[in-house]
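So the structure is just underneath, and the comments pick up after that.
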Amino acid sequence: MMSKTGGCLCGGVRYEVSGALRDPIACHCSQCARTSGNFAAMSSCRSEELALTSAETLSWFRSSAGAQRGFCQRCGGNLFWKAEPGTETYVAAGTFDQPSGLRLAGHIHVGSKADFYDISDGLPQEQEW
């Protein structure tokens, strides 16, 4: 398996995933909408298989009692989400270097999505998660 690399817009945060990646899911919850401006397409990997190769601008924000989000404090790039405790880290799919080889697998939290768009791609939809 080849590793996947990626990072934020300014390059202050770079990472490498050495293990398997799950195809991304689109999360339509209100927190993802506020961090991304719409929904967030997130892939996931085992946390120990995610290596930060540059983290000079990485900052973590506790977005709820059981989760935190990693972002670049310089360019504002939304990069990571992880539950605590947990064994997986979710990685914003748009931050992978191309080609990623990933395909969107479905949608979660569609019951709280914003009202300005429709989901019409035919992929599975979950009201919650």
Can you list every pair that meets salt bridge (Lys or Arg N to Asp or Glu O under 4.0 Å) and has a residue in residues 52-80, with sequence neighbours left out? E56-R74, R62-E84

Please check if V17 and I25 belong to a single hydrophobic cluster, counting links between Ile, Leu, Val, Met, Phe, Trp and Tyr side chain heavy atoms closer than 4.5 Å. no

Between atom OG of S30 and atom NZ of K113, what is the distance when rounded to the nearest 0.5 Å? 13.5 Å

So which pairs with a foot in residues 19-29 pass salt bridge (Lys or Arg N to Asp or Glu O under 4.0 Å), sequence neighbours left out? R22-E88

Looking at L104, I want to see if its CG is surrounded by more than 12 non-hydrogen atoms of other residues, nucleotides or ligands under 6.0 Å. yes

Same apolar cluster: W129 and V110, side chain cutoff 4.5 Å: no

Taking T95 for the side chain and L79 for the main chain, is one N or O donor matched with an acceptor at less than 3.5 Å? no

Enumerate the salt bridge (Lys or Arg N to Asp or Glu O under 4.0 Å) contacts for residues 32-44, please, sequence neighbours excluded, ordered by first and then second residue. none

Looking at side-chain heavy atoms only, is the closest gap between C8 and C75 below 4.5 Å? yes

Could you check whether any side-chain heavy atom of K4 comes within less than 4.5 Å of a side-chain heavy atom of L21, counting everything from C-beta outward? yes

Between Q31 (side chain only) and S63 (backbone N and O only), is there a donor and an acceptor less than 3.5 Å apart? yes

Atom pair NE2/SG of H109 and C32 - distance to nearest 0.5 Å: 8.0 Å

With distance as the sole criterion, is a donor-acceptor pair present between the side chains of S3 and S18 under 3.5 Å? no

Taking the side chain as every heavy atom from C-beta outward, state whether F71 and T57 have any pair of such atoms under 4.5 Å apart. no

Quick check: closest heavy atoms across R103 and P24, and the distance to 0.1 Å? O-CD, 3.4 Å

Any cation-pi pair here, K82 with F80, using under 6.0 Å and within 45°? no

Flag side-chain contact, heavy atom, 4.5 Å: F116 against N38: yes

Identify whether F61 and W81 are in the same connected component of the hydrophobic contact network (ILVMFWY, side-chain heavy atoms under 4.5 Å). no

What residue pairs, at least two apart or across chains, pass salt bridge (Lys or Arg N to Asp or Glu O under 4.0 Å) with a residue in residues 118-129? none

Residues passing the ring pair (Phe, Tyr, Trp, His ring centres under 6.0 Å) test with F96, sequence neighbours excluded, are Y15

Restricting to non-hydrogen atoms, name the atom on C72 and the atom on V13 that form the minimum distance, rounded to 0.1 Å. CB-CG2, 4.2 Å

Output the distance between atom CG (N78) and atom OG (S36), rounded to the nearest 0.5 Å. 6.5 Å

Taking the inter-plane angle between the rings of F39 and H28 on a 0 to 90° scale, is it parallel (under 30°), tilted (30 to 60°) or perpendicular (over 60°)? tilted

Holding to salt bridge (charged side-chain N to carboxylate O under 4.0 Å, His left out), I want the full list of residues that pass it with R14, two or more places apart in sequence or in another chain. D97

Given the rule in the side-chain contact (heavy atoms from CB on, under 4.5 Å) test, do L52 and L58 qualify, once you have shown the distances and angles that lead to the verdict? CA-CA 10 Å; L52 297 172; L58 180 63; 3.6 Å; yes

Same cluster (ILVMFWY, side-chain, under 4.5 Å), L102 and M42: no

Could you walk me through whether T89 and S47 pass side chain to side chain donor-acceptor pair (under 3.5 Å), step by step? CA-CA 5 Å; T89 299; S47 294; 2.8 Å; yes

For C45 and L50 the tightest heavy-atom approach is SG-CB, 3.9 Å

